[in-house]
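Counting starts at 1 for both ligands and their atoms, in listed order.
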Amino acid sequence: MVAVLVHGGAGPRRDQEDPEGAKAGCLAAAEAGLAVLARGGSALDAVEAAARLLEDDPRFNSGTGAVLNAEGEVELDASIMDGEHLRAGAVAVVKTVKNPITLARAVMEHSPHVLLVGDGADAFARTRGIPAVDPSTLITPLQRQRWLERVRSSGGAGGGHAGPKHGTIGAVAVDARGQVAAATSTGGTAGKLAGRVGDSPLIGCGTLADSRLGAASATGLGEYIIRVRLTSAVLNELSRGLPIDKACQAAIDDLVRIGGDGGVIAVTPRGELGWAFSSERMAFAWARGDGSRGAGFENDPVSKP
Ligand code: GLY
C-alpha cells in the first residue's frame with residue numbers, strides 16, 4: 001500500500017496559530033507526494049515533492065518563511081534518505097537556495113559526500129544548476145517582525161532568550177515496491193547563533209530510512225533530538241518488533257526523559273503509518289493509495305490509518 005505522511009513541525013501552541021491552515025498545508029503536501037507514487041514514482045521522489053511544497057509554504061519553518069537567526073538571516077538545513085540503497089544527502093547553513101531538500105538530494109546523487117555546509121553547499125548548488133535566490137526573498141514579513149521583536153526585547157541582536165520555535169517540515173513515504181524514504185527541512189530555531197546546526201540534516205537524528213525497517217522524520221528542538229538520535233531510536237524499536245505507534249512513542253519518551261520536546265513520524269515498508277509527539281501541537285497529514293486521508297494538529301482524536 002503506497003502512502004505518504006508529512007509533518008509541519010511540533011512545538012508550543014501559540015495564540016495566533018492557524019491549525020486549519022497548517023493541516024491544509026500538510027494535506028496538500030501529502031497529496032503531492034501521493035500523486036508522485038500514483039504515477040509510479042519512488043518513495044524518494046514522493047518525499048522530495050512533499051517537502052518542496054512545504055518549503056514553499058510560508059506557514060512553515062523551512063525554505064520560504066523560515067525563522068531568522070540572531071543576525072536576522074535565514075540559514076537552512078535539510079536531509080533526504082533513500083531506504084532502498086541507504087543513500088543519504090544533507091546540507092546545512094544554506095542561505096541562497098529556495099528548496100534545500102533538492103540540494104540535499106543533489107549532494108546524495110551527484111557528490112561523493114553526505115553533508116555539505118555553508119558557502120560550500122551554496123556553491124555546490126550552482127554547479128548543479130540550482131539557481132541562487134536573494135536571501136531576502138526567503139524572509140516573510142512575519143518572520144522579520146518576530147526577529148525585530150526579539151531584538152527590541154533583548155536590547156541587541158535577535159538571539160539570547162528567544163524561545164524555541166518549531167515548524168520544521170518532514171515527509172516519509174513507502175512506494176509500490178515497498179521501498180521507503182524520508183526527508184526533513186528546517187530553518188532551525190529562532191534567534192539561533194549564526195552557524196548553529198540542529199538535528200534535521202543529521203542522518204539518524206532528524207532523518208532516517210532503511211527499507212528493511214522503515215523511515216522516520218523528526219521535529220522539535222535539535223539540541224535534544226541529536227542526543228537521543230530520535231529517528232534512529234524509532235527504527236531500533238521497529239527492529240525489536242514494536243508496532244509503529246509504540247516505536248514512535250518510545251523514542252519520544254526518551255526525548256522527554258532528557259528534557260526535550262518534539263515529535264516524529266514514521267512509515268514501515270508494509271505501509272503502516274505512525275507518529276508521536278510530546279509538544280502541545282504537531283501539524284501532520286497522510287494520504288494513502290486506498291484513498292484514505294487524514295490530518296491532525298493537537299492531541300485530539302484522529303482516526304488512525
Ligand atoms: N528540529 C529542527 C532544529 O532544531 O533545527
Does Leu230 belong to the same Ile/Leu/Val/Met/Phe/Trp/Tyr cluster as Leu221, with side-chain heavy atoms less than 4.5 Å apart forming each link? yes
Leu273 reachable from Ile265 in the ILVMFWY side-chain graph, under 4.5 Å edges: yes
Just jot down the ligand 1 atoms closer than 4.0 angstrom to any heavy atom of [X], in number order.
| X | answer |
| --- | --- |
| Gly198 | 5 (O) |
| Thr168 | 1 (N), 2 (C) |
| Asp199 | 1 (N), 2 (C), 3 (C), 4 (O) |
| Gly222 | 3 (C), 4 (O) |

Is there a polar contact, in the sense of an N or O pair closer than 3.5 Å, between [X] and ligand 1?
| X | result |
| --- | --- |
| Thr219 | no |
| Gly188 | no |
| Leu221 | no |

Kindly assign one of parallel, tilted or perpendicular to the pair Trp275 and Trp286, based on the angle between their ring planes and the thresholds 30° and 60°. parallel
For Asp77, the option from Thr168, Asp199, Thr186 that meets side chain to side chain contact (heavy atoms under 4.5 Å, CB included): Thr186
Are the side chain of Glu48 and the backbone N or O of Ile101 linked by a donor-acceptor pair below 3.5 Å? no
Assess whether atom CG of Asp119 is packed by more than 12 heavy atoms of other residues, nucleotides or ligands within 6.0 Å. no
Take Arg105 and Asp45 through the salt bridge (Lys or Arg N to Asp or Glu O under 4.0 Å) test and state the conclusion after the steps. CA-CA 10 Å; Arg105 184 168 177 173; Asp45 295 331; 2.9 Å; yes
Would you please determine whether Arg196 falls within less than 4.0 Å of ligand 1 on a heavy-atom basis? yes
Using heavy-atom distances, let me know which of Gly220, Gly11, Ser200 sits nearest atom 1 (N) of ligand 1. Gly220
